[in-house]
Amino acid sequence: MIIGVTGGIASGKSTVARAFAALGVPWVDADDVAREVVAPDEPALAEIAERFGRQVLQEDGSLNRRALRDIVFAEPSERLWLESVTHPRIRQRIVAHLERLQAEGAPYVLLVSPLLFESGQNEMVDRCLVIDVPEELQFARTAARDDVDDKQARAIVAAQMPRKERLARADDVLDNSGSEQDLAARVTELDRCYREMATNR
Ligand code: ADP
């Protein structure tokens, strides 16, 4: 059984993943996999370099993310091309990682993805768990963690999927507006449900 975990910036996805891990439930991070598929020596990086030239590479041959981001931000058709190169590989590799974890005996596994719904990765999972916090708290936690001010935090949140839409697509919701102890208690409760579901499948 695969549980997709998502939420807006600083909603608490990583914190939740660590709390599940403490109970013996491993996770795959979709952002890490997205970085893996464009690492040096990966075929996707060669394709990207062939299309856009040296300008998207660093001196050492690794991807210059900022340069690539600028190109695809300015040109939606190039973004689609990039996604056609990276998305199938990301998907394949996520499946491989998840299968390995299940083969190693995990009771169930998590796919943690900030863009679970936007990327269609929700179709790879059995249930979607949305981590939810009121926006004011999201701004504050973003500004406290990252090197951004309140205004920048608000702009980042405004560019993401609206909270209401994300909640409408959730199977389960974890309200992370309380303390980290509250979060751990809710994770324990969800873990109990998920283990039971995984056993009864
Ligand atoms: P995400 O992975 O969704 O971006 P994080 O798990 O990194 O979010 O959490 C964002 C920030 O908020 C981190 O600095 C984290 O320590 C803090 N945080 C998360 N949950 C809580 C909580 N319940 N109480 C206080 N701080 C929290």
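Bear in mind the structure is a predicted one, so any value in this text is a computation, not a measurement. Indexing begins at 1, ligand by ligand and atom by atom, following the structure's order.
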Check whether any side-chain N or O of [X] sits under 3.5 Å from a backbone N or O of [Y] as a donor-acceptor pair, and report yes or no.
{"X": "E42", "Y": "A39", "value": "no"}
{"X": "R154", "Y": "E136", "value": "no"}
{"X": "D191", "Y": "V187", "value": "no"}
{"X": "K13", "Y": "G8", "value": "yes"}
{"X": "D171", "Y": "C128", "value": "yes"}
{"X": "R163", "Y": "D132", "value": "no"}

Specify the protein heavy atom at minimum distance from [atom]: its residue, its atom name, and the distance to 0.1 Å.
{"atom": "atom 2 (O) of ligand 1", "value": "S14 OG, 2.7 Å"}
{"atom": "atom 1 (P) of ligand 1", "value": "K13 N, 3.5 Å"}
{"atom": "atom 16 (O) of ligand 1", "value": "E180 OE2, 4.0 Å"}

Heteroatom distance test (L183, ligand 1): nitrogen or oxygen, under 3.5 angstrom: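 In this structure, L183 places no N or O atom under 3.5 Å from an N or O of ligand 1.
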
Sub-3.5 Å N/O-N/O distance, G12 and ligand 1: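 G12 vs ligand 1: N/O contact under 3.5 Å present.
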
Under 3.5 Å side-chain donor-acceptor pair for Q92 and H87: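 There is no such pair between these side chains.
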
Subset of ligand 1 atoms that lie under 4.0 Å from at least one heavy atom of S179: 23 (N)

Option nearest atom 23 (N) of ligand 1 (shortest heavy-atom distance, choices V5, N176, I131, T15): N176

Residue selection (non-hydrogen contact nearest atom 7 (O) of ligand 1) among R145, R18, Q138, R141: R145

Proximity flag G178 to ligand 1, non-hydrogen atoms under 4.0 Å: yes

Residue-ligand contact G8/ligand 1, heavy atom below 4.0 Å: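 Right, G8 reaches ligand 1.
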
Region of A144 that comes within reach of ligand 1 [heavy atoms, distance under 4.0 Å]: neither

Close aromatic pair by centroid cut-off 6.0 Å: F52 and W81: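 Under 6.0 Å, so yes.
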
